[in-house]
Structure formats: C-alpha cells, structure tokens
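Order of listing sets the numbers, starting from 1, for every ligand and every atom in it. Numbers for residues simply follow the sequence, beginning at 1.
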Amino acid sequence: TPAAGRIEFDNVTFGFPGAETPVINSASFVAEPGKTTAIIGSTGAGKTVLLNLMLRLYDPQQGSVTIDGAPVDKLTRAQLAESISLVPQRPYLFGGTIATNLRFGRTDASDDELWEALRVAQGEDFVREKELGLDEPVSQGGTNVSGGQRQRLSIARALVAKPLVYLFDDSFSALDVATDARLRAALPDATEGATTIIVAQRVSTITEADQILVMEGGEIVGRGTHDELLTDNEVYQEIVRS
Ligand code: DGT
Ligand code: MG
C-alpha cells in the first residue's frame, strides 16, 4: 500500500480505442507529496483523461504511472481508492443524507470531522441552514441541492477521506472568485503533507501552485511556476490574457 503519494508519469501515451490520435502524448511529470501541482489548458487538452489514468479508469498504451514507485496497475482498486480521492468535474451525490455522502470514503468519520471538512469546503453555512443539518436527505444524483452545493459537498467528501493524493478536476471554477479564494486559503492546512493536483480554468486559482503543467492537444507544453511560465511560455501567456 502506498505510504507517501508521490505520483510519477513516465512517457505516458494513451488513446481511446479506434481513435487515430492519442489524447495523451508522451506525458512525463512528478507530483510530490506536500506540494500542489496544477494543470491548465484549453478544453479537450486531456486534463481529465490524465487524472483518470491515475485512477486506472483506463491504462496507457505506453509508459507507466506509478505511485511511490509502484505501478498503479499492480494496485487493487481498493488500494487506489484508499490512496487517491478524486473530486470529479461533474460531482455525483448518492441517495441518502448529507452525512452518508460525506462519509462515502471513510465511514468512521465523526460529525466533528464532517463539519471541519464542510468549513474548509465553504459548505458549512448552507448545511447549517438545512432543517436537519447533516441528516438532511439528498436525492440520488443530488437533484435537490444546487450545482455549487454539490461541488462543495464533493470537495468535503474528499477531505473527509484524508487520502494521500487529492485530485480536483475543475472543482473551483464554478465557485465565485471570493469563495474560490477562501477555499484555497483553507486548503493547505486541511491537505497538509498530501499530494494535491488541481485542474483549473482560472489562472488566479493556481498562481501559488508549486508546479504548473500547461497542456495542449494531449501534450505537456510547459511546466514551471506561475512567474516562470509568464516569462517563457507562450501558451500560458495566452491563457493569462484570455
Ligand atoms: P475540459 O474538461 O473541457 O477542460 O477538457 P479536458 O482537458 O478535461 O479534456 P478530456 O481529458 O476530457 O478529453 C481529452 C480528449 O479525449 C478530447 O479530445 C475528448 C476525448 N475523450 C474524452 N473522453 C473520451 C471518451 O470517453 N471516449 C472517447 N473516444 N474520447 C474521449
Ligand atoms: Mg475535463
């Protein structure tokens, strides 16, 4: 079982069956524990597919994905689920209550832990406003909570699980800028020591990331800090301008 959560992609190429061109082309990078790796790039660039390769939703045709040196295809789904929490681009809620949804990754979490995760995810206020609080019923698919609330509950669910690796797929772009800022201010303490990977649309979400990967057409076409990329990466400069 992984102990640190260091993710390494080594020359990974992946294409969907029957497609002519790969959607991930020779991708290599390392995401370190205790650090934030951000991924930015236009729609269709391959950001979600890159995250899905870590969870083995599909396996690469070439290259390897490892966590703490162990190829992810040697780990069981249960080991992967214990190590990595994904907040998907379109979060999903299960029929049950807010509490059962938050405890999805770790059934023994206390109510205090759920409230703490909600505080960080900027979901505390709206749950407190519910008549039944944590026991408020949620319909399957979460149709009785708004999209923004669904997003925050999904973020809180990942925090409750306390994984080694957090994957946030575009989890902050639906939030208004102020909420996004508050959430990101609270996140480092809550995820301390973990490997954090954030797919983002807004540059302001990722300016403080330790490392930013710029993706275009399935390739990593730039990497560095915000300041470094501003100086020397045209694709990043274009994203900043847009
Ligand atoms: P986004 O979320 O709109 O910002 O875009 P990305 O960067 O997350 O793009 P991604 O990774 O969803 O898709 C990369 C490419 O792969 C894009 O050309 C669409 C294609 N693709 C994604 N999912 C599937 C799939 O399930 N089947 C097939 N055949 N192609 C897919
Ligand atoms: Mg995506």
Side-chain angles (χ1 to χ4, degrees), residues 7-31 36-65 67 72-73 77 80 84-93 141-142 147-148 150-155 157-158 163 165-177 180 183-184 187 195-207 209 211-224 226 229 233-242:
I7 300 266
E8 178 160 11
F9 274 57
D10 183 19
N11 207 23
V12 169
T13 295
F14 169 78
F16 286 99
E20 278 175 24
T21 49
V23 290
I24 301 293
N25 203 349
S26 306
S28 297
F29 69 93
V30 175
T36 297
T37 295
I39 305 172
I40 200 163
S42 56
T43 184
K47 306 179 296 295
T48 295
V49 170
L50 201 74
L51 298 189
N52 288 346
L53 284 164
M54 299 178 206
L55 290 166
R56 290 201 59 216
L57 266 64
Y58 8 82
D59 290 322
Q61 278 95 20
Q62 264 182 57
S64 66
V65 181
I67 172 164
V72 288
D73 59 2
R77 301 251 168 214
L80 272 178
I84 304 178
S85 284
L86 167 72
V87 179
Q89 197 162 9
R90 281 173 216 81
Y92 188 83
L93 298 180
R150 209 151 51 222
Q151 199 88 42
R152 293 173 214 199
L153 290 176
S154 184
I155 293 167
R157 174 195 284 158
V165 182
Y166 291 92
L167 307 179
F168 296 104
D169 192 353
D170 216 0
S171 307
F172 309 115
S173 28
L175 307 172
D176 62 78
V177 174
D180 178 12
L183 204 161
R184 283 181 299 99
L187 209 53
T195 304
T196 303
I197 301 181
I198 296 181
V199 170
Q201 284 184 21
R202 271 200 293 259
V203 171
S204 66
T205 305
I206 59 161
T207 45
Q211 154 180 252
I212 299 168
L213 308 176
V214 184
M215 286 193 75
E216 189 180 57
E219 294 187 22
I220 298 172
V221 296
R223 73 187 70 211
H226 174 72
L229 289 166
N233 190 271
E234 282 180 20
V235 178
Y236 193 74
Q237 290 162 355
E238 185 60 38
I239 293 169
V240 171
R241 271 197 299 268
S242 65

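Atom CE of residue Met215 and atom CG of residue Asn25 lie 9.5 Å apart, to the nearest 0.5 angstrom. To the nearest 0.5 Å, atom CD of residue Gln201 and atom CZ of residue Phe172 are 12.5 Å apart.
Between Arg56 and Val65 the shortest side-chain heavy-atom distance does not fall below 4.5 Å. The closest side-chain heavy-atom distance from Leu50 to Ile197 is not below 4.5 Å. For the pair Leu51/Gln89, no side-chain contact is recorded, criterion being any heavy-atom separation below 4.5 Å from C-beta on.
Residues Gln211 and Thr37 have side chains that bring a donor and an acceptor to within less than 3.5 angstrom of each other. Defined by atom type and a distance below 3.5 Å, a donor-acceptor pair is missing between the side-chain atoms of Asn11 and Gln62.
Using cut-offs of 30° and 60° on the angle between ring planes, the pair Phe14 and Tyr58 is parallel.
When every heavy atom of Ile212 is checked against every heavy atom of Ile206, the shortest pair comes out as CD1-O, 3.6 Å.
Protein-derived N/O/S atoms nearer than 2.8 Å to the Mg ion (ligand 2) total 2, waters excluded.
Contacts of ligand 1 (protein heavy-atom distance under 4.0 Å) are Phe16, Val23, Ser42, Thr43, Gly44, Ala45, Gly46, Lys47, Thr48, Val49, Gln89.
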